[in-house]
Amino acid sequence: MSSTSQKHRNFVQEPMGEKLVTELSGIGETLGGRLADQGFDKAYVVLGQFLVLKKDEEMFVDWLKDTCNANIKQGTDCFTCLKDWCDAFL
C-alpha cells in the first residue's frame, strides 16, 4: 500500500457526516473554493459524483480537472481518499 497523508488517514477513519470538501485529501482551500462555487461544498457531494462515475479513477480525475482545475496528483489523492473511505464504510 502506498503511503498516505495524515489528512487522508483522518478522513477515512470515521463516517463522512458533514465534512467540508477541503477535508478530502488532495483538496486544499483553492480547489475547495472552486468546487464549492460549483455546488460541491461538502465531501459527501463529491462522493456522490465519485459514485456516479462508478468509482472510475480516470473519469473522476478528469472530472476534477474539468470542474476545479485540479492537477493529476490532486485528483489521484482525492480519488484514493474516497475509494479508501468507500472500502471502509460501504
Side-chain angles (χ1 to χ4, degrees):
M1 181 171 127
S2 64
S3 66
T4 55
S5 67
Q6 185 64 47
K7 187 175 182 180
H8 176 107
R9 290 189 297 275
N10 289 346
F11 189 87
V12 300
Q13 72 184 2
E14 62 188 17
M16 193 172 302
E18 295 288 320
K19 289 183 181 182
L20 295 173
V21 70
T22 52
E23 294 186 57
L24 285 163
S25 186
I27 306 297
E29 292 300 321
T30 301
L31 294 184
R34 291 177 191 155
L35 283 165
D37 288 346
Q38 300 284 328
F40 297 91
D41 56 333
K42 302 284 188 177
Y44 69 80
V45 183
V46 177
L47 173 66
Q49 186 65 30
F50 172 83
L51 295 173
V52 165
L53 295 173
K54 301 182 179 180
K55 302 181 190 177
D56 182 281
E57 183 171 4
E58 185 178 347
M59 288 195 307
F60 182 77
V61 171
D62 285 347
W63 172 79
L64 264 184
K65 288 190 323 196
D66 293 343
T67 304
C68 65
N69 203 29
N71 65 37
I72 290 173
K73 182 182 186 323
Q74 291 164 323
T76 301
D77 286 352
C78 187
F79 170 84
T80 303
C81 186
L82 288 170
K83 181 185 177 302
D84 290 351
W85 186 91
C86 285
D87 290 347
F89 290 98
L90 294 184

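For the numbers below, each heavy atom of this structure counts, side chains included, while hydrogens, waters and symmetry mates do not. Here the structure is a predicted model, which means the values were calculated and not measured.
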Roughly how far apart are [X] [atom1] and [Y] [atom2], rounded to 0.5 Å?
X	Y	atom1	atom2	answer
Gln74	Asn69	CD	CG	8.5 Å
Met16	Leu47	CE	CG	4.5 Å
Asp66	Met59	CG	CE	12.5 Å
Phe11	Lys19	CZ	NZ	5.0 Å
Cys81	Leu24	SG	CG	5.0 Å
Leu64	Leu31	CG	CG	7.5 Å

### Task
Give me the one residue out of Asp77, Asp84, Thr80 that meets side-chain hydrogen bond (donor to acceptor under 3.5 Å, both in side chains) with His8.
Asp84

Indicate yes or no: at least one non-hydrogen side-chain atom of [X] is less than 4.5 angstrom from one of [Y].
X	Y	value
Val46	Leu82	yes
Lys42	Leu20	yes
Leu90	Leu51	yes
Arg34	Thr67	no

### Task
Answer with yes or no whether the hydrophobic clustering places Val52 together with Trp63; edges join I, L, V, M, F, W, Y residues whose side-chain heavy atoms lie under 4.5 Å apart.
no

### Query
Does Phe89 share a hydrophobic cluster with Phe79, counting links as ILVMFWY side-chain heavy atoms below 4.5 Å and allowing steps through other members?
yes

Decide if atom [atom1] of [X] counts as having more than 12 heavy atoms of other residues, nucleotides or ligands within a radius under 6.0 Å.
X	atom1	answer
Glu29	CD	no
Lys7	NZ	yes
Gln13	CD	yes

### Task
Return the minimal non-hydrogen interatomic distance between Ile27 and Cys78, and the atom names on each side.
CG1-SG, 4.0 Å

### Task
Can you see which heavy atom on Gln49 is nearest to which on Phe40, and at what distance?
CB-CE2, 4.2 Å

### Query
Between Phe50 and Phe60, what is the ring plane arrangement, given parallel below 30°, perpendicular above 60°, and tilted in between?
perpendicular

### Message
Has Trp85 got a side-chain atom pairing as donor or acceptor with Pro15's backbone, closer than 3.5 angstrom?
### Response
no

